[in-house]
Enquirer: 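My questions will all concern the structure given below.
Everything quoted here is computed from the prediction, not taken from an experiment. Every chain is numbered from 1 and lettered A, B, ... according to where its sequence line falls, protein lines coming before strand lines.
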Amino acid sequence: MASAEYDTAPRRDLAVSVKILIAGGFGVGKTTMVGSISEITPLRTEELITELSSGVDDLAGIENKTTTTVALDFGRITIDDNLVLYLFGTPGQDRFWFLWDELALGALGAVVLADTRRLENSFPAVDFFESRGVPFVVAVNCFDRAPLYTDRDVREALDLDAHTPIAFCDARDRESCKTVLLALMEHLITQASSALPG
Amino acid sequence: MTTGWFGGAPSEGDGENVEEWYEDDGPMVRPYAVTRGRTVGAGHNLDMLTVVAAAHPAPRLRRTEPEYHEILRLCRTSLSVAEVAAALRLPLAVTKILIGDLIAEGNLNFRAPLQQRSGHHDVRILRAVLDGIRRI
């Protein structure tokens with residue numbers, strides 16, 4: 001939530017930022033995708049986790065371990081002078097889920113990267129975005145020697161709504177990642193255009 | 001909000017308290033040393049994607065810590081809070097406090113990110129992003 005004291009002085013001459021999340025299980029290629037499409041070398045920043053009282057069970061009671069850091073990898077695409085798009089890889093470990101809420105706040109939408117050898121690793125991300133109403137596309141990262149599945153196989157395995165787009169991609173390839181992001185944007189525009197006012 | 005030994009500053013001149021303060025801090029001392037132990041500052045409501053840029057003209061920087069000067073140097077071109085944190089190699093929470101100080105003192109301008117509820121963004125923004133991705 002933006003602070004009132006700051007919002008009293010918005011600076012229209014500065015670019016405004018928007019974000020897209022790249023989610024998926026550990027090792028599915030989130031950072032690779034961010035790196036393929038970002039105009040800058042992906043950056044890494046760290047969030048300090050200090051509020052142990054907020055119910056982080058895994059850490060509760062571990063004295064001397066009062067803080068931990070979660071790394072966030074992100075990239076940037078400058079759309080124009082007024083608009084900058086940031087791409088955030090979400091933390092892969094389930095124990096940092098509470099961070100996803102802050103990341104998801106205000107996101108345009110998300111890409112759920114999936115690996116057909118470990119499709120079940122995509123379930124938490126799909127569930128999260130569905131429950132928060134964040135529109136997403138599923139991008140199947142086609143690893144070498146991974147079994148090939150059809151669009152329908154993936155849709156059934158992940159129990160996706162009929163309207164959720166599925167794309168097949170190579171997270172290492174810029175054009176391929178572009179195709180995924182374009183599919184997401186078209187999905188978002190379709191949704192926004194069909195939504196009735198009010 | 002976690003309180004305890006981090007909830008308030010140790011009283012100055014009280015040797016015993018100061019010693020305890022450092023003894024139990026563990027890794028907490030270093031991340032927050034640059035903010036003089038503050039975990040909450042003017043910047044606590046900043047988003048990691050708030051865009052900041054050095055103000056022109058700006059009041060003279062009264063702070064001597066090198067991090068403030070480094071932030072103003074970085075922000076000659078506009079950057080997000082997350083990019084500043086990555087460049088400084090400081091945690092986001094710490095960077096937000098430092099940036100909040102500079103905003104409060106008029107050295108940085110800022111603009112909060114678009115915060116519409118997901119799925120409710122303006123079609124014009126979505127089209128601009130689509131076109132921008134096509135161009136890269």
Enquirer: Is the count of non-hydrogen atoms from other residues, nucleotides or ligands lying under 6.0 Å from A:Arg155 atom CZ greater than 12?
Expert: yes
Enquirer: Quick one: what part of A:Leu182 sits under 4.5 Å from any heavy atom of chain B, side chain, backbone, both or neither?
Expert: both
Enquirer: Using non-hydrogen atoms only, which part of A:Phe129 is less than 4.5 Å away from chain B: side chain, backbone, both, or neither?
Expert: neither
Enquirer: Who wins among B:Arg89, B:Met48, B:Arg135 for the most heavy-atom pairs under 4.5 Å with chain A?
Expert: B:Met48
Enquirer: Around atom CZ of A:Arg172, are there more than 12 heavy atoms from other residues, nucleotides or ligands closer than 6.0 Å?
Expert: no
Enquirer: Under 3.5 Å, side-chain donor or acceptor atoms of residues 76-86 of chain B against the rest of the protein: list the pairs with distances, not counting sequence neighbours.
Expert:
from, atom 1, to, atom 2, distance (Å)
B:Ser80, OG, A:Tyr86, OH, 3.4
B:Ser80, OG, B:Glu83, N, 3.2
B:Ser80, OG, B:Glu83, OE1, 2.9
B:Glu83, OE1, A:Arg76, NH1, 3.1
B:Glu83, OE1, A:Tyr86, OH, 2.4
B:Glu83, OE1, B:Ser80, N, 2.9
B:Glu83, OE2, A:Arg76, NH1, 3.2

Enquirer: Using non-hydrogen atoms and a 4.5 Å limit, figure out which bit of A:Glu186 sits close to chain B: side chain, backbone, both or neither.
Expert: both
Enquirer: Only counting residues at least two apart or in another chain, list the ones meeting salt bridge (Lys or Arg N to Asp or Glu O under 4.0 Å) with B:Asp131.
Expert: B:Arg134
Enquirer: So which part of A:Leu83 gets closer than 4.5 Å to some heavy atom of chain B, the side chain, the backbone, both or neither?
Expert: side chain
Enquirer: Examine distances only and state if a side-chain atom of A:Arg44 and a backbone atom of A:Phe74 form a donor-acceptor pair shorter than 3.5 Å.
Expert: no
Enquirer: Would the distance check show the side chain of A:Ser38 and the main-chain N or O of A:Thr41 forming a donor-acceptor pair, the cut-off being under 3.5 Å?
Expert: no
Enquirer: Please state whether the side chain, the backbone, both or neither of A:Leu103 comes within less than 4.5 Å of a heavy atom of chain B.
Expert: side chain
Enquirer: Can you tell me which of B:Leu88, B:Leu126, B:Thr95, B:Thr50 forms the most heavy-atom pairs within a distance under 4.5 Å of chain A?
Expert: B:Leu126
